[in-house]
Amino acid sequence: IDLSEELKTGLIVLGSRGRGRIRRALMGSVSDSVVRHAHCPVMVVRWKPVVFPAKILLATDGSEEAVLAAQSAADLAARTGSELHVAHVGKLLSQGGVGVKQRYVGAEVDPLPPGYQEALDKESKELLEAQLARVGEAGVTVTEAHLVSGRADEEIIFLAEGVGADLVVVGSRGLGGIRRARLGSVSDSVVRHTHCPVLVVRREGLQEPV
């Protein structure tokens, strides 16, 4: 991390040994720490190398960090002639339909109001369409857009395998170390469990040659 700041790098690339979940939780890893604290995007390579042109899966949630990730993915796809897929995972709050009691931290709350899930689905669709428009403005053609609902990290991991992605690009909100240790994050989980390399974008994007 210190060296990358000294050199003013635009990207750090490193491998991950893929320790088991329990050992990683107890000991952490170099790749975990670098992803959390680096000033620039970090590519963590596991399972296989990235050979361009590649199939890139961009996962977006509409956050500022996701916008940076989109810029990075679009630029990378354009420069390498790669195929770009864009995905958004919407919230799924009702499993049994409207009127089912929802539980939160062991306490019952009122049933979801009619149409609430539909409103969330509409919001997710609009968010994905907005991101597709941004990518289009960058002059990049999206091969396929994917709109799914559920737990974000799990759906991204499943989708990456389903489309045969060679690289997953995600944004990271950069939570503090203690908060991340307690709550985890989507980017942490995707880095640890996706079958292919993952590019985590924070603060600075890859908009210029690096």
Side-chain angles (χ1 to χ4, degrees), residues 11 35 41-48 50-95 112 115-174 185-207:
L11 174 67
V35 167
V42 179
M43 183 185 293
V44 180
V45 180
R46 294 181 64 195
W47 311 116
K48 63 179 182 179
V50 184
V51 179
F52 296 101
K55 184 178 290 187
I56 300 172
L57 173 63
L58 165 66
T60 180
D61 63 2
S63 65
E64 180 181 348
E65 294 76 15
V67 172
L68 293 176
Q71 293 172 348
S72 301
D75 184 70
L76 189 59
R79 291 176 185 273
T80 62
S82 294
E83 182 178 311
L84 181 62
H85 291 246
V86 180
H88 173 70
V89 181
K91 295 179 181 179
L92 183 62
L93 298 183
S94 62
Q95 296 291 346
L112 293 174
Y116 192 68
Q117 183 65 57
E118 287 80 0
L120 288 176
D121 293 343
K122 180 181 178 182
E123 181 181 355
S124 296
K125 182 179 179 181
E126 292 174 349
L127 189 152
L128 177 60
E129 290 176 344
Q131 190 64 80
L132 293 173
R134 292 192 189 98
V135 172
E137 290 172 358
V140 177
T141 301
V142 174
T143 301
E144 189 173 0
H146 306 267
L147 180 60
V148 296
S149 298
R151 178 171 163 174
D153 57 337
E154 291 181 352
E155 295 300 330
I156 292 169
I157 293 165
F158 293 152
L159 185 57
E161 186 170 356
V163 302
D166 300 303
L167 175 67
V168 175
V169 181
V170 294
S172 175
R173 290 177 179 157
S185 76
V186 172
S187 57
D188 283 344
S189 182
V190 171
V191 167
R192 294 183 182 187
H193 303 297
T194 303
H195 74 287
C196 64
V198 178
L199 173 61
V200 180
V201 180
R202 292 182 59 195
R203 301 181 190 175
E204 300 175 10
L206 294 175
Q207 302 173 46

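Within the 3.5 Å criterion, the main-chain N or O of T60 finds a donor-acceptor partner in the side chain of H88. The backbone N or O of A165 sits less than 3.5 Å from a side-chain atom of H195, completing a donor-acceptor pair. Looking at K55, its side chain never comes within 3.5 Å of a backbone N or O of G164 through a donor-acceptor pair.
When all heavy atoms of S82 and I56 are compared, the pair lying nearest together is CB-CD1, 3.8 Å. When every heavy atom of I156 is checked against every heavy atom of A59, the shortest pair comes out as CD1-CB, 3.6 Å. Listed here is the closest heavy atom pair of V200 and S172: CG1-CB, 3.5 Å. Minimum heavy-atom separation, K91 to S124: N-OG, 4.3 Å. Shortest non-hydrogen contact noted between A66 and D61 is CB-OD1, 3.2 Å. For A74 against L84, the heavy-atom pair with the smallest separation is CA-CD2, 4.3 Å.
One finds the CG atom of D166 at 4.5 Å from the NZ atom of K48 (value rounded to the nearest 0.5 Å). A distance of 9.0 Å separates CG of L147 from CD of E129, quoted to the nearest 0.5 Å. Within the model, atoms CD1 of I157 and CG of L57 stand 11.0 Å from one another, a figure rounded to the nearest 0.5 Å. Taken from CG in L167 to CZ in F52, the straight-line distance is 5.5 Å, to the nearest 0.5 Å.
Side chains of L128 and H146 form no contact here, defined as non-hydrogen atoms less than 4.5 Å apart. With a 4.5 Å cut-off on side-chain heavy atoms, E83 and P53 do not count as touching. At a threshold of 4.5 Å between non-hydrogen side-chain atoms, the residues V35 and V198 do not count as touching. Contact of the L199 side chain with the L11 side chain is registered, since non-hydrogen atoms from C-beta on lie closer than 4.5 Å. M43 is listed as a side-chain neighbour of V50, based on a closest heavy-atom distance under 4.5 Å. You'll find the side chain of K125 stays beyond 4.5 Å of the side chain of D121, heavy atoms only.
A 6.0 Å sphere centred on CD of E161 holds no more than 12 heavy atoms belonging to other residues, nucleotides or ligands. Counted within 6.0 Å of CD on E123, heavy atoms from surrounding residues, nucleotides or ligands total 12 or fewer; the atom is thus considered open.
Of the options V89, D188, V186, V170, a side chain to side chain contact (heavy atoms under 4.5 Å, CB included) to D153 is made by V186 and by none of the others.
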